[in-house]
There are 2 protein chains.
Amino acid sequence: MNLSNTSQYAIRVVSYMTFEDEDIYSASSLISKLGVSDKYLKRILTQLSEHGILRSTQGRYGGYILGKSPDKITLIEIVQAMESVEKYFGCVLGFESCTDEDPCTLHNKWAPIRNELMEFLNKTTIKDVLSNPSIIKF
Amino acid sequence: MNLSNTSQYAIRVVSYMTFEDEDIYSASSLISKLGVSDKYLKRILTQLSEHGILRSTQGRYGGYILGKSPDKITLIEIVQAMESVEKYFGCVLGFESCTDEDPCTLHNKWAPIRNELMEFLNKTTIKDVLSNPSIIKF
DNA sequence: TTTAATTGCTACTTTATTGTAGTATTTAAA
DNA sequence: TTTAAATACTACAATAAAGTAGCAATTAAA
Ligand code: FES
Ligand code: FES
């Protein structure tokens, strides 16, 4: 596929915070763990907080914690907090409408795959992501 | 998904040339049919010709014809002529490697969908695209 | 109340994609 | 040989995504 870098980082940071159990996560510790540039990750963290996926505490000894339980955070929710997601679900040839009633020439072959993709983003939660603890890569 | 506009136009123009049977197609006629900007579509046509998907004839009464039979032209071939395709097939979280041996936390869920996507682009030919002639949308 | 450590905000830079403009080159008919 | 209609080439403009820099605001401890 082609999630934006911003979305990829967002998913990774939420996964990391779920996997590594700490009381609170400062931006600087997350930056060094994930190897993403300072200001870029900070902006992502702020956006995630604005959308309720994280909760932030300002000031000294502040930082971020998860805003809700990992089994309530879906991938689509994280991606939506970062970018407009319509492009992932629209017509593969770029036409306005993409329905069975008004299909393009590729619709019949593409729509089933697109539906799986939607289901993947809609149904996969951060808890699912970490269901196999032997895989640790953030 | 998220094919680039350039790839979308390229697929549409090749589909159109397959569906509408003419001796030769001038850039200007294709431009008016597809509603894509003049110079932009011309560049796409030149690129498709360079990759053998079309064959061009310069000079007066020149234009473009298909470079090979529609059942030999795959979607991936057209997309590859327009852009680098690795991004569609790489790790959904952006990691370098994406193999069963070195998976990220999403790999198990993502890989099957990605494989279908690859098969869709690799196996679908322009002939397949036009197998249902009741759908005419270019 | 001061200070250090933290998040938040605004503006800029860089890079890639998308689209536009102008001109050169090619070719066959007149 | 001239000309008209076509493709090819080069350079630029506009937009969006990715990434960087600096400073403001907040907060709890000392
Ligand atoms: S209309 Fe094009 S994929 Fe659905
Ligand atoms: S390693 Fe991430 S999807 Fe395969």
Side-chain angles (χ1 to χ4, degrees), chain A residues 1-13 17 22-32 34-67 79 81-88 93-94, chain B residues 1-13 17 22-32 34-67 79 81-88 93-94:
Chain A
M1 187 164 46
N2 220 355
L3 291 176
S4 71
N5 288 4
T6 310
S7 291
Q8 294 179 340
Y9 294 147
I11 295 172
R12 287 169 56 191
V13 79
M17 289 175 62
E22 297 174 25
D23 286 346
I24 196 162
Y25 306 78
S26 70
S28 57
S29 73
L30 295 169
I31 286 158
S32 66
L34 297 189
V36 177
S37 110
D38 187 332
K39 301 302 165 60
Y40 193 15
L41 190 55
K42 277 184 182 165
R43 193 165 55 199
I44 292 171
L45 291 166
T46 302
Q47 277 178 270
L48 286 170
S49 305
E50 282 167 354
H51 284 79
I53 296 162
L54 302 183
R55 193 149 41 199
S56 73
T57 313
Q58 288 193 22
R60 197 173 184 175
Y61 300 92
Y64 303 90
I65 56 171
L66 290 180
V79 174
M82 297 297 121
E83 55 180 316
S84 128
V85 299
E86 294 80 43
K87 64 179 174 189
Y88 297 123
L93 290 183
Chain B
M1 187 165 42
N2 220 355
L3 291 176
S4 71
N5 287 4
T6 311
S7 291
Q8 293 179 341
Y9 293 146
I11 294 172
R12 286 169 57 192
V13 78
M17 287 174 63
E22 295 173 29
D23 285 347
I24 196 164
Y25 307 78
S26 70
S28 56
S29 74
L30 295 169
I31 286 158
S32 67
L34 297 188
V36 176
S37 109
D38 187 332
K39 300 301 165 61
Y40 193 16
L41 190 54
K42 278 183 182 167
R43 193 165 57 200
I44 292 171
L45 292 166
T46 302
Q47 277 178 267
L48 287 169
S49 305
E50 281 166 354
H51 283 80
I53 295 163
L54 302 184
R55 193 147 41 197
S56 73
T57 313
Q58 288 193 21
R60 195 171 186 176
Y61 299 92
Y64 304 90
I65 57 172
L66 289 180
V79 174
M82 297 297 120
E83 54 179 318
S84 127
V85 299
E86 293 80 43
K87 63 179 174 188
Y88 297 123
L93 290 183

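As a basis for the values below, the full set of heavy atoms in this structure was taken, side chains included, without hydrogen atoms, waters or symmetry mates. Throughout, protein chains are lettered first and strands after them, A, B, ... in sequence-line order, and every chain is numbered starting at 1.
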- prompt: Would one find a side-chain N or O of A/T46 under 4.0 angstrom from OP1 or OP2 of C/dT7?
  reply: no

message: Can you tell me if B/S56 touches the phosphate of D/dA8, counting only side-chain N or O atoms and a distance under 4.0 Å to OP1 or OP2?
response: yes

query: Do A/V36 and A/I31 have side-chain heavy atoms sitting under 4.5 Å apart?
result: no

- request: Using a 4.5 Å cut-off on heavy atoms from C-beta on, say whether the side chain of B/N2 contacts that of A/Y88.
  value: yes

- prompt: About how many Å separate CE of A/M82 and OG of A/S7, when rounded to the nearest 0.5 Å?
  reply: 7.0 Å

- request: Could you tell me the separation between the OG atom of B/S49 and the CD1 atom of B/I53, rounded to the nearest 0.5 Å?
  value: 9.0 Å

[X]: partners by side chain to side chain donor-acceptor pair (under 3.5 Å), with sequence neighbours left out:
X     : value
A/S56 : none
B/Q58 : none
B/Y40 : B/T6

field: Nearest atoms (heavy-atom pairs only) where A/Q47 meets A/A81
entry: NE2-O, 3.3 Å

- prompt: How far apart are the closest heavy atoms of A/L34 and A/Y9, and which atoms are they?
  reply: CD1-O, 4.4 Å

task: List the protein contact pattern of nucleotides 24-30 of chain D with one symbol per nucleotide (5' to 3'): B for base contact, S for sugar-phosphate-only contact, - for none; contact means a heavy-atom distance under 4.0 Å.
output: --BBSS-

task: Starting at the 5' end of nucleotides 18-23 of chain C, put B wherever the base has a protein heavy atom under 4.0 Å, S where only the sugar-phosphate does, and a dash everywhere else.
output: SBBBB-

Separation of [N] [atom2] from [X] [atom1] (nearest whole Å):
X     : N      : atom1 : atom2 : result
A/I44 : D/dG19 : CD1   : C1'   : 10 Å
A/L45 : D/dG19 : CG    : C1'   : 15 Å
B/K42 : D/dT10 : NZ    : C1'   : 14 Å
A/K87 : D/dT15 : NZ    : C1'   : 13 Å
A/L30 : C/dT6  : CG    : P     : 12 Å
B/I65 : D/dA6  : CD1   : P     : 16 Å
A/Y25 : C/dT6  : OH    : C1'   : 17 Å

message: Determine whether A/I11 and A/L3 satisfy the following criterion, side-chain contact (heavy atoms from CB on, under 4.5 Å), listing intermediate values before the conclusion.
response: CA-CA 10 Å; A/I11 295 172; A/L3 291 176; 3.9 Å; yes

field: DNA chain D contacts made by residues 48-55 of chain A, counting heavy atoms under 4.0 Å
entry: none

query: Are the side chain of B/T46 and the backbone of B/K42 linked by a donor-acceptor contact shorter than 3.5 Å?
result: yes

